[in-house]
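Everything numeric here is computed off the predicted structure, so don't read it as measured data. Each ligand, and each atom within it, is numbered from 1 in the order the structure gives.
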Amino acid sequence: MVSLKIDGKTISVPKGIMLADAIKKAGANVPTMCYHPDLPTSGGICRVCLVESAKSPGYPIISCRTPVEEGMEIITQGSKMKEYRQANLALMLSRHPNACLSCASNTNCKTQDLSSNMNIGQCGFANSTPPKSSDTYDVTTAIERDNDKCINCDICVHTCSLQGLNALGFYNEEGHFVKSMGTLDTSECIQCGQCINRCPTGAITEKSEIRPVLDAINDPTKTVVFQMAPSIRVAVAEEFGFKPGEKILKNEIATALRKLGSNVFVLDTNFSADLTIIEEGHELIERLYRNVTGKKLLGDDHMPIELPMLTSCCPGWIMFMEKNYPDMLNHLSTCKSPQGMLGALIKGYWAKNIKKMDPKDIVSVSIMPCTAKKAEKERPQLRGDEGYKDVDYILTTRELAKMLKQSNIDLGKMEPTPFDKVMSEGTGAAVIFGVTGGVMEAALRTAYEVITGREVPFKNLNIEAVRGMDGIREAGIKLENVLDKYKAFEGVTVKVAIAHGPNNARKVMDIIKRAKDSGKPAPWHFVEVMACPGGCIGGGGQPKPTNLEIRQARTKLTFKEDMDLPLRKSHDNPEIKAIYETYLKEPLGHNSHHYLHTTYSS
Ligand code: HC1
Ligand code: SF4
């Protein structure tokens with residue numbers, strides 16, 4: 001630890017941290033803009049964080065790039081440094097358009113906050129005419145960027161590189177000016193949206209789909225069916241004034257969405273997360289069984305049986321696999337994501353069998369913490385028999401909040417009301433899908449019980465070994481006293497791994513590929529990968545800002561919600577039992593194959 005004084009207050013902080021973080025810890029008010037605590041390589045560009053030392057006053061110190069030292073005596077509020085900070089912000093804004101009213105980041109923008117807090121209106125540089133860059137409003141399926149709003153902080157470039165990707169790079173403008181958002185390499189980008197989450201301005205945003213959703217709600221010929229991802233409920237309250245991890249808002253969302261129109265139904269992706277566990281759990285058992293015995297129990301003769309099986313719910317991860325490991329796609333579970341499964345069932349089973357409606361009159365909208373889901377819904381594989389898209393629109397958590405605010409709906413003040421019946425009940429196992437390791441834990445709770453007839457041997461069903469924020473985690477669970485049907489598994493230890501972030505996924509995939517190329521078995525049977533840090537609770541569509549502390553708070557709330565629910569294993573979900581009895585019949589069966597499984601493109 002290092003001891004130092006900030007504005008006369010002595011504090012003790014870990015060695016090696018940046019002065020900016022120590023200043024924050026001391027409660028002093030010094031802004032940062034190009035520095036993000038998630039990104040060790042960021043900072044040092046915008047210089048709105050200048051402070052001075054009591055030992056050499058008047059000489060600026062860049063607090064976000066200066067590591068703390070024992071005995072430092074820092075003054076943060078000297079008038080000279082305040083002036084420098086203001087001038088540096090003004091210089092940055094001299095290239096920035098005054099387009100706040102129409103900007104996607106209006107009211108949630110660091111540039112706006114600092115301009116207001118630092119009284120930038122009085123400074124001469126601001127309001128000068130901004131240049132027009134040639135690639136303004138460059139759009140991919142999920143990501144929209146406006147280079148004119150870029151302040152060259154480089155946070156997006158560092159973010160993408162921390163993800164282990166290099167889709168965003170630097171480029172040289174007019175031979176002398178280095179601009180960070182110049183290139184977005186779509187062959188590399190997996191549309192995870194992490195760059196959006198950390199952008200301090202509105203330069204990178206998701207491609208908004210609020211307008212067509214509202215149009216559909218206002219169209220009397222349409223029925224709008226929403227589904228809501230597991231991790232929305234633990235994060236959306238942050239958009240309505242609650243602290244991270246403070247409040248679950250779930251049934252309040254159903255109330256709020258119904259206020260938008262009378263043709264609105266609200267279902268829960270947690271139902272199909274439980275369904276995924278039944279399908280994916282049996283797929284895992286089937287792959288293991290066929291590898292151990294050479295015989296089959298369920299499914300068709302042509303299903304892939306490669307091990308390890310890789311989870312398939314995260315669309316950023318699927319894109320990463322298709323771009324980087326096209327020869328290993330048979331390792332991916334054939335299960336659609338829960339979002340994809342429910343989308344297919346809404347226009348197929350729900351419309352045709354339950355509501356007796358024509359799927360063409362349904363507009364299916366998924367509320368997701370994820371920008372890559374916007375690309376997932378466009379996959380040619382995710383279309384119904386008549387060629388319609390299973391899911392028409394995706395709203396991120398941020399877009400949900402914005403849409404409700406635009407309609408003067410304060411979500412935090414809504415009374416909770418039930419979701420609509422059929423396909424809206426979920427267990428605790430579904431809730432934990434939203435955190436890294438959660439799909440694995442949910443799958444193990446079910447697969448272990450299917451094979452042994454007993455619950456997983458962990459206190460309160462909590463499989464601590466697969467939890468946590470380490471980038472890669474491993475665990476093993478031994479199968480003993482198995483049911484007769486599965487006697488081939490007696491004594492087998494099922495080995496699993498969990499990775500979050502494509503950087504970690506790449507390490508895991510390289511191990512699997514090396515083993516495969518040398519004809520040896522990989523060290524795991526089942527691997528979960530999520531593209532975003534912490535899993536979907538850290539998704540690219542979640543409320544801004546984000547950092548480790550915020551992701552941990554959302555994770556804690558997720559596990560609390562799991563513990564608080566009466567049913568915590570997917571196979572105990574009564575709606576899941578009912579849909580198998582009445583419609584699907586058996587996991588990996590004919591109807592499952594039709595609605596719930598998919599293929600990948602190399
Ligand atoms: Fe996720 Fe998933 S957990 S991918 O993170 O498997 O987006 O929340 O909806 O589909 O269920 C996201 C979250 C989400 C899917 C589920
Ligand atoms: Fe990189 Fe993800 Fe942003 Fe694409 S969406 S540029 S992969 S951080």
Ranked by distance from atom 16 (C) of ligand 1, the top protein heavy atom is Pro338 CG, 3.4 Å
Do Val435 and Met530 touch side chain to side chain, with heavy atoms closer than 4.5 Å?
no
Atom 4 (Fe) of ligand 2: closest protein heavy atom, distance to 0.1 Å, is Cys189 SG, 2.4 Å
Is it true that Gln163 lies under 4.0 Å from ligand 2, counting heavy atoms only?
no
In terms of the angle between their ring planes, are Tyr583 and Tyr349 parallel, tilted or perpendicular, with boundaries placed at 30° and 60°?
tilted
Proximal atoms of ligand 1 relative to Thr269 (non-hydrogen, under 4.0 Å)
11 (O)
For Cys370, the ligand 1 atoms with a heavy-atom partner under 4.0 Å come out as 7 (O)
With heavy atoms under 4.0 Å as the rule, classify the contact between Met368 and ligand 1 as side chain, backbone, both or neither.
side chain
Asp572 and Arg445 ion-paired at < 4.0 Å:
no
Under 4.0 Å from any heavy atom of Ala273, which atoms of ligand 1 are there?
11 (O)
A side-chain contact here means heavy atoms from C-beta on lying under 4.5 Å apart; do Val439 and Cys313 qualify?
yes
Which one holds for Ala167 and ligand 2: side chain close, backbone close, both close, or neither close, with close meaning a heavy atom under 4.0 Å?
side chain
Got a salt bridge between Arg473 and Asp470, using NZ or NE/NH1/NH2 to carboxylate O under 4.0 Å?
no
Just to confirm my output: which protein heavy-atom neighbour is closest to atom 3 (S) of ligand 1, and how far is it?
Phe433 O, 3.3 Å
So do Ile318 and Ser312 actually touch side chain to side chain, heavy atoms under 4.5 Å?
yes
Side-chain heavy atoms of His158 within contact of Pro40, under 4.5 Å:
no
In the protein, which heavy atom is nearest to atom 7 (O) of ligand 1, and how far is it?
Pro369 CD, 3.2 Å
Proximal ligand 2 atoms for Gln191, defined as those under 4.0 Å from one of its heavy atoms:
4 (Fe), 5 (S)
Side chain proximity check, Phe226 to Val365, heavy atoms < 4.5 angstrom:
yes
Separation between CZ (Arg198) and OG1 (Thr159), nearest 0.5 Å, reads 4.5 Å
Counting C-beta onward and ignoring hydrogens, is there a side-chain heavy-atom pair between Asp274 and Glu575 closer than 4.5 Å?
no
Please list the nearest protein heavy atom to atom 8 (O) of ligand 1 with its residue and the distance rounded to 0.1 Å.
Ser231 OG, 2.7 Å
At under 4.0 Å between heavy atoms, what of Glu188 touches ligand 2? The answer is neither
Which residue and atom name correspond to the protein heavy atom nearest atom 6 (O) of ligand 1, and how close is it?
Cys313 CB, 2.8 Å
Atoms in ligand 1 with a heavy atom of Gln339 nearer than 4.0 Å:
10 (O), 15 (C)
Closer than 2.8 Å to atom 4 (Fe) of ligand 2: does that hold for any N, O or S atom in Cys160?
no
Tell me, which protein residue and heavy-atom name are nearest atom 2 (Fe) of ligand 2, and how many Å apart are they?
Cys192 SG, 2.3 Å
Whether Asp390 and Lys347 form a salt bridge (side-chain N of Lys/Arg under 4.0 Å from carboxylate O of Asp/Glu) is what I want to check.
no
Which residue and atom name correspond to the protein heavy atom nearest atom 5 (S) of ligand 2, and how close is it?
Gly193 N, 3.2 Å
Any idea which atoms of ligand 2 are less than 4.0 Å away from a heavy-atom of Leu165?
7 (S)
Walk me through whether Val529 and Met509 qualify under side chain to side chain contact (heavy atoms under 4.5 Å, CB included).
CA-CA 10 Å; Val529 179; Met509 285 312 298; over 6 Å; no
Ion pair check, Glu378 and Lys389, cut-off under 4.0 Å:
yes
Among all the protein's non-hydrogen atoms, which is closest to atom 9 (O) of ligand 1, and how far away is it?
Ala229 CB, 3.0 Å
One finds that the ligand 2 atoms under 4.0 Å from a non-hydrogen atom of Leu168 are 6 (S)
Distance to 0.1 Å, residue and atom name: give those for the protein heavy atom nearest to atom 5 (O) of ligand 1.
Cys536 SG, 0.9 Å
Starting from atom 3 (Fe) of ligand 2, which protein heavy atom do you reach first, and at what distance in Å?
Cys195 SG, 2.3 Å
Residue-ligand contact Gly539/ligand 1, heavy atom below 4.0 Å
no
From CA spacing to verdict: side chain to side chain contact (heavy atoms under 4.5 Å, CB included), Phe458, Glu464
CA-CA 8 Å; Phe458 302 101; Glu464 298 291 344; over 6 Å; no
With a 4.0 Å cut-off on heavy atoms, is Pro230 touching ligand 1?
yes
With a 3.5 Å distance limit and no angle check, can you tell me whether Lys374 reaches the backbone of Lys207 through a side-chain donor-acceptor pair?
yes
